[in-house]
> 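Got a structure here, written out as structure tokens. Questions coming.
FYI, the numbering just counts along the sequence from 1.
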Amino acid sequence: MTATLLLTLAIISIALIGLAFNLIFRKKDFPETHISHNKEMKKRGIICVKAMDAIEQKKAWEKSSNKYSNLQIIKEENQ
């Protein structure tokens, strides 16, 4: 059982070192995964979902604000 555990730990260690080779030995930067900071995404015009939602909310608010600018509250009298 101990031999199996040691073999498993050795295989997992080799796999992790292989996956992190560029980060550990070549000192390369980890690629930027956030959309707003990624240069290629900016070139293609792709923006973050939160930013896109904020833009669309602003457009909708600007279109609808003119419709409701002259609203008045009417009180009904029940007699």
> Take K42 and N38 through the side-chain contact (heavy atoms from CB on, under 4.5 Å) test and state the conclusion after the steps.
CA-CA 6 Å; K42 284 182 184 179; N38 192 309; over 6 Å; no
> Using distance only, find each side-chain donor-acceptor pair of residues 4-20 under 3.5 Å and give its atom names and separation, not counting sequence neighbours.
{"from": "T8", "atom 1": "OG1", "to": "T4", "atom 2": "O", "distance (Å)": "2.7"}
{"from": "S13", "atom 1": "OG", "to": "L9", "atom 2": "O", "distance (Å)": "2.7"}

> Could you pull out the closest heavy-atom pair between I35 and I46, with the gap in Å?
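For I35 and I46, the tightest heavy-atom pair comes out as CG2-O, 3.8 Å.
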> For E40, check side chain to side chain donor-acceptor pair (under 3.5 Å) against everything at least two apart and list the hits.
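E40: side chain to side chain donor-acceptor pair (under 3.5 Å) contacts with K43.
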> A side-chain contact here means heavy atoms from C-beta on lying under 4.5 Å apart; do D53 and Q57 qualify?
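SC-SC contact between D53 and Q57 confirmed.
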